[in-house]
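Just so you know, these numbers come straight off a predicted model, no measurement behind them. Proteins come first, then strands; the chains are lettered A, B, ... in the order of their sequence lines, and each starts at number 1.
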2 protein chains.
Amino acid sequence: MPKSVNTIIERFNEKNIRLTPQRICVYQFLLENRIHPTVDTVYTHLKKSNPSLSKTTIYNTIDALSSAGLIRTIIANEGEARLDAYTDFHGHFFCEKCGLVTDFCLDGCSFPDQIDGFEMKTIEVRATGTCPNCR
Amino acid sequence: MPKSVNTIIERFNEKNIRLTPQRICVYQFLLENRIHPTVDTVYTHLKKSNPSLSKTTIYNTIDALSSAGLIRTIIANEGEARLDAYTDFHGHFFCEKCGLVTDFCLDGCSFPDQIDGFEMKTIEVRATGTCPNCR
DNA sequence: GTTCCTGCAAAAGCTTTGCAGAAGA
DNA sequence: TCTTCTGCAAAGCTTTTGCAGGAAC
């Protein structure tokens, strides 16, 4: 069994998430493909090796994993959800031409860590423009 | 004629946008109600004084005004578009409980103004959490 | 007069819901 | 065994599209 699957099982157990093959596949795909895929991309890829897989299951899995804090969803400008299994602090760059989503580093940047009266949970930095390939 | 409508007419002329009553209403509503309304909110409000108004026209107007740079759309976490007629640099705080969207100041904060290889056009800072009323 | 806009209806696309059978613990 | 998940079909919502009539310029 590949090491990564053991890691996944550990994390699911830590978070008290029920282990199912579908959830493992989805999470593994996100960990190994750091491309901020759409729901449909995940579905299309995993459907190949698991023809009975349903899109509803992808959505259910997203709910479970993001409630547990293992993944997060970012909304692309088209209003379509994109998935990210890396929850460390980084920015997202959206290419307006090809739709590519790329991480970028936010080390050395500063942000308000508090706004008076508000309880801040997450902060996200999004940039749009044109990626190197499209220029 | 109120001063604000003259300002709107000037801006439309500057941007070479055709003047229609519907567009003026939408833009005026956004300037006077800094609440980051959804498309439906704008539609419902303006429909009262203009019963024949269509949602398609709201969408067409959003296209025209945002292409001209007069407004911008921000995607709430639910995937619904919200409108902002203030294009100066500020952050957006989304309350997870009531859905309120509030501006917050980004003075004194620092961001990457360039990412190598990428042509950056816009940058947006989004925070989520709980607003004062919901705490 | 020409161009562009409005508004209706229908379609498209992503996501959610209800539910019966199946699988995890 | 009990709880929870999967997957199908259908519904829900926001947004887009096609088009005829109408308004802006």
SB check [X] [Y] (cutoff 4.0 Å):
X         : Y         : result
Asp40(B)  : Lys55(B)  : yes
Glu80(A)  : Arg82(A)  : no
Glu124(A) : Arg126(A) : yes

In this structure, how many angstroms lie between the [atom2] atom of [N] and the [atom1] atom of [X], rounded?
X        : N       : atom1 : atom2 : result
Glu80(A) : dT15(C) : CD    : P     : 6 Å
Lys55(A) : dA9(D)  : NZ    : C1'   : 15 Å
Ile58(B) : dT16(D) : CD1   : P     : 13 Å
Asn60(A) : dC8(D)  : CG    : P     : 13 Å
Asn50(B) : dA23(D) : CG    : P     : 13 Å
Ile9(B)  : dC25(D) : CD1   : P     : 10 Å
Asp63(B) : dT15(D) : CG    : C1'   : 10 Å
Phe12(A) : dG24(C) : CZ    : C1'   : 13 Å

Is the phosphate of [N] approached by [X] (side-chain N or O, under 4.0 Å from OP1 or OP2)?
X        : N       : answer
Tyr59(B) : dT16(D) : no
Gln22(B) : dG7(C)  : yes
Ser52(A) : dT6(D)  : no
Thr57(A) : dG7(D)  : yes

| query | Ring centroid separation for Phe111(B) and Phe111(A), is it under 6.0 angstrom? | reply |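 Yes - the distance between ring centres of Phe111(B) and Phe111(A) falls below the 6.0 Å cut-off.
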
| Does the separation of the ring centres of Tyr43(A) and Phe29(A) fall below 6.0 angstrom? |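 Here the rings of Phe29(A) and Tyr43(A) have centres that are no less than 6.0 Å from each other.
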
| Reckon Thr20(A) touches a base, only the sugar-phosphate, or nothing at all at heavy-atom distances under 4.0 Å? |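 The residue Thr20(A) makes sugar-phosphate contact but no base contact.
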
| said: Classify Ala64(B) by what it touches in the nucleic acid, base, sugar-phosphate, or nothing, heavy-atom distance under 4.0 Å. | reply: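 No contact.
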
| query | So does Arg18(B) reach the base of dA24(D) with its side chain, donor to acceptor, closer than 3.5 Å? | reply |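 Under the 3.5 Å cut-off, the side chain and the base do form a donor-acceptor pair.
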
| query | Under the 3.5 Å rule, do the base of dC8(D) and the side chain of Thr56(A) count as making a donor-acceptor pair? | reply |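 Flag set: donor-acceptor pair detected.
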
| 5' precedence on DNA chain D between Val39(B) and Asn13(B) (nearest-nucleotide basis) |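 Final value for this comparison: Val39(B).
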
| Closest to side chain of Leu19(B), choosing from dC14(C), dG7(D), dC25(D) |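 Looking only at heavy atoms from C-beta outward on Leu19(B), the closest nucleotide is dC25(D).
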
